[in-house]
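Okay, structure first, notes after.
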Amino acid sequence: MRDIRLLHQMFIPGTLIGPFTQANPGLGGVCTFVGEVRYDQGVEALELTHYEPLTLPGMHELADRAFARFELMGLLMVHRVGVLRPGEPIVCVSAAALHRRDAIDAVDFCMDHLKSAAWFWKREKRDGQWHWIEPREQDHSDLARWQA
Amino acid sequence: MRDIRLLHQMFIPGTLIGPFTQANPGLGGVCTFVGEVRYDQGVEALELTHYEPLTLPGMHELADRAFARFELMGLLMVHRVGVLRPGEPIVCVSAAALHRRDAIDAVDFCMDHLKSAAWFWKREKRDGQWHWIEPREQDHSDLARWQA
Amino acid sequence: MVTIVFLGKLADLAGAPSLQLSAPLDWAGLKAALPSALAEAVDDPRNRVALNGALIADKAGLQAGEGDEIALLPPVSGG
Amino acid sequence: MVTIVFLGKLADLAGAPSLQLSAPLDWAGLKAALPSALAEAVDDPRNRVALNGALIADKAGLQAGEGDEIALLPPVSGG
């Protein structure tokens, strides 16, 4: 079961995860990560821009790599685009597998790649002004863990 | 927000995770692992025995270690005991944090310890006969990852 | 009386989840009261002992009195 | 016409999310048509270029014809 989506509207992760788990009968474990817009000091909104011809195919390619690298039964990967308010979910990745290590590692792998190698550009609004978010060193070192 | 429980009855993970996420406003990410009884060939049931005076305090001690080791806002750790059928959830661990690495690693850490260092004894019923489950080498190597 | 609780496989060897023995009870007295296969098993260092819910480091030094509970704990099952 | 799409920060430098230029268009023609700050930025090797949704390895070899779409892509934002 594979479900890869870009969403333009607010979503409630629980409404995706329940059906996803049901769609993978016989799983041993399911690991899910949900990222939300933090209430960082003074941040009023976050905007995610994407370039459709690259972003969605890039997510599918990432899913292919996760299926090739881990023993997975299912993978759900949903990412918001557009303007988000603090507290809203940005991303939800869920992996179902026979064994917990594959499920947990697949989520970790997908999140590291979505965070620093996927075609999204983010800016945040503080005091009414938009500021682009630059890549962080931590994101690169997270990604490097998977290059062995 | 800290919620540590041994459950004697079937539970639905979604009914725990929603309220847990709500109880940690301002989180950046929440990672959740749910383990279910696999439909392994010929397995009719799994029984988990515990020794209450050690098992629940042991889970609280594990939660203390997770809070000490990772930057967490909240931790949910729920484990079933008793007789379970294939497809039923056994364990649910959910960690809320400002940053994804803490949330994911805390779940990984708790699961490795619940699987091989917590006071549970498991046996499975195959063809009407109960068989004790022995520790697996993989569980010990998973645990060793955290001893650095 | 002292309550002896058998966990996991040890309950199978004991044929029951628990047993009552007279107080006071030390390690030699406990082993003498158990079926031989079980007495041998509990000596195995992989099998731990708890007195009133606390693990004890030195089994041989066990001293249980009236109302105490001794738990005999095989290795946990893992995955 | 060729459509030029500016992503992220480059859209700010361009003052618009996209722009139409006459076909055919090569790399030198594209840079000549852009404001100088933007022309300089797109030369930075960290800024990538896609033609009709496919990344191109060699920007300087860009050749766009009628109806093509060129996207100018700054580094993604990360966390």
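Just so we're clear, the structure is a prediction, and the values are computed from it rather than from any experiment. Chain letters run A, B, ... following the sequence lines, proteins first, then strands; residues in each count from 1.
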For chain D, which residues of residues 14-34 of chain A have heavy atoms nearer than 4.5 angstrom = none

task = Pull out the residues in residues 47-61 of chain A that come under 4.5 Å of chain D, heavy atom to heavy atom, sorted by number.
result = A/T49, A/H50, A/Y51, A/P53, A/L54

query = Quick one: what part of D/P17 sits under 4.5 Å from any heavy atom of chain A, side chain, backbone, both or neither?
reply = neither

query = In terms of heavy-atom pairs under 4.5 Å with chain A, which of D/P75, D/P74, D/A11 leads?
reply = D/P74

Look at atom [atom1] of [X] and say whether more than 12 heavy atoms of other residues, nucleotides or ligands are closer to it than 6.0 Å.
{"X": "A/E71", "atom1": "CD", "result": "no"}
{"X": "A/R123", "atom1": "CZ", "result": "yes"}
{"X": "D/Q20", "atom1": "CD", "result": "yes"}

request  = Return yes if a side-chain donor-acceptor contact under 3.5 Å exists between D/D12 and A/W130, otherwise no.
outcome  = no

request  = Taking side chain to side chain contact (heavy atoms under 4.5 Å, CB included) as the test, write out the residues that go with D/A33, two or more places apart.
outcome  = D/L21

ask   = Does any heavy atom of chain D fall under 4.5 Å from the side chain of A/W132, the backbone, both, or neither of them?
value = side chain

remark   = Output for pair (A/E134 CD, D/K9 NZ), nearest 0.5 Å, gives 3.5 Å

Acceptor/donor pairs from residues 54-62 of chain D side chains to any protein atom, 3.5 angstrom cut, sequence neighbours excluded:
unit_1	atom_1	unit_2	atom_2	d
D/D58	OD1	D/A60	N	3.4
D/D58	OD2	D/G61	N	3.4
D/K59	NZ	D/V42	O	2.6
D/K59	NZ	D/D44	O	2.9
D/K59	NZ	D/N47	O	2.7

request  = Could you tell me whether a side-chain N or O of D/S77 sits under 3.5 Å from a main-chain N or O of A/W121, the two making a donor and an acceptor?
outcome  = no

